[in-house]
Amino acid sequence: MNNLNEKLSYGEKQLILYSKGHYKTKNKDNALRIITSWNYHIPLESTEQYHIYDYILKVFICLQEEGYTLSPHEFLKSFFTIRRPVITFNTMIEILLIEISLVEVKELNLGEIDKQLFELLNP
């Protein structure tokens, strides 16, 4: 578990804090775009859906490799049980974020919310 503390970057820990409601925002899509832009150091206007998906998936995989989230088999199975006619990037992002939010973080040192990121999310 200490291994995960070393594997997760500061920004990835901030995403976990966001998923757990530590950053209050009104627009989830915009918040995820800002968080991804902030972490990848790319302009906000250049941040696309695939960047957001890639970033959230990276955090999910890191958590999964350490046993914090569903196995890949169980996770993929969940896509077929959500009863939605079409699975989109937004659907996948939503499911990944839900899984990240369910991670027990007692043993993780996530730190506090970042003041700069908080100001970006709440101008």
Side-chain angles (χ1 to χ4, degrees):
M1 301 216 184
N2 288 334
N3 188 28
L4 185 59
N5 279 319
E6 294 169 8
K7 281 176 111 175
L8 289 171
S9 72
Y10 178 76
E12 292 166 344
K13 291 176 181 180
Q14 294 300 309
L15 177 67
I16 295 170
L17 289 172
Y18 170 79
S19 77
K20 294 184 163 300
H22 291 267
Y23 290 95
K24 304 294 183 206
T25 60
K26 294 179 181 169
N27 183 330
K28 181 180 76 171
D29 292 336
N30 193 49
L32 291 173
R33 185 173 304 284
I34 290 169
I35 292 168
T36 303
S37 167
W38 183 76
N39 279 290
Y40 279 162
H41 306 287
I42 56 177
L44 184 60
E45 61 275 2
S46 298
T47 306
E48 299 291 338
Q49 241 2 53
Y50 65 88
H51 293 116
I52 297 167
Y53 172 75
D54 180 66
Y55 186 63
I56 294 173
L57 181 61
K58 180 180 178 223
V59 174
F60 175 83
I61 289 171
C62 189
L63 292 167
Q64 192 280 318
E65 286 174 344
E66 296 296 322
Y68 281 87
T69 59
L70 293 172
S71 71
H73 173 73
E74 290 299 315
F75 180 70
L76 287 174
K77 195 167 87 174
S78 72
F79 279 105
F80 299 103
T81 59
I82 58 175
R83 298 187 185 103
R84 293 192 182 171
V86 176
I87 297 175
T88 64
F89 259 148
N90 284 338
T91 306
M92 292 186 293
I93 288 169
E94 183 180 322
I95 292 170
L96 288 167
L97 207 54
I98 289 168
E99 288 299 320
I100 291 170
S101 76
L102 296 174
V103 168
E104 288 195 33
V105 294
K106 290 185 264 186
E107 315 238 344
L108 292 176
N109 180 15
L110 297 177
E112 300 294 323
I113 64 172
D114 185 275
K115 289 180 181 158
Q116 178 192 15
L117 181 57
F118 180 81
E119 290 175 9
L120 288 172
L121 293 170
N122 300 288

Any sub-3.5 Å donor-acceptor pair from Y10's side-chain atoms to N39's backbone N or O?
no
Just by modelled atom types, is the L32 backbone N or O under 3.5 Å from a matching donor or acceptor in the T36 side chain?
yes
With side chains defined as the heavy atoms from C-beta onward, is the minimum distance between L15 and E12 less than 4.5 Å?
no
Hydrophobic clustering (ILVMFWY, side-chain heavy atoms < 4.5 Å, transitive) - are I98 and L63 grouped together?
no
Over 60° means perpendicular and under 30° means parallel, so tell me whether Y55 and Y40 are parallel, tilted or perpendicular.
perpendicular
Test item: I34 and T25 side chains (from C-beta on) under 4.5 Å apart, heavy atoms:
no
What donor-acceptor contacts under 3.5 angstrom involve side-chain atoms of residues 115-123, with partners at least two apart or in another chain?
unit_1, atom_1, unit_2, atom_2, d
Q116, OE1, W38, NE1, 3.4
N122, ND2, F118, O, 3.2

Inter-residue atom distance K13.NZ - I16.CD1, 0.5 Å rounding
8.5 Å
Would you list the atom pairs, donor with acceptor, under 3.5 Å between side chains in residues 43-51 and any protein atom, with sequence neighbours excluded?
unit_1, atom_1, unit_2, atom_2, d
T47, OG1, P43, O, 3.0
Q49, NE2, N90, OD1, 2.4
H51, ND1, E48, N, 2.8

Atom CG of D54 and atom CD1 of I61: how far apart are they, to the nearest 0.5 Å?
8.5 Å
Once you round to the nearest 0.5 Å, how far does CZ of R33 lie from CD1 of I42?
9.5 Å
Could you tell me which non-hydrogen atom of S101 sits nearest to which non-hydrogen atom of S19, and how far apart they are?
CB-O, 3.1 Å
How many angstroms lie between atom CG of L96 and atom OG1 of T69, to the nearest 0.5 angstrom?
9.0 Å
All heavy atoms of L17 vs all of G111, minimum pair found to be CD1-O, 3.8 Å
dist Q14:CD -> L8:CG (nearest 0.5 Å) comes out at 11.5 Å
Look up atom CD in E94 and atom CZ in F89, then write down how far apart they are to the nearest 0.5 Å.
15.0 Å
Residues which pass side chain to side chain donor-acceptor pair (under 3.5 Å) with K28, listed by chain and number, not counting sequence neighbours
none
For F60 and I100, which heavy atoms make the closest approach, and how far apart are they?
N-CD1, 4.0 Å
Heavy-atom donor-acceptor pair, Q64 side chain to V59 backbone, under 3.5 Å:
no
So do the side chains of I93 and I52 get within less than 4.5 Å of each other, counting heavy atoms only?
yes
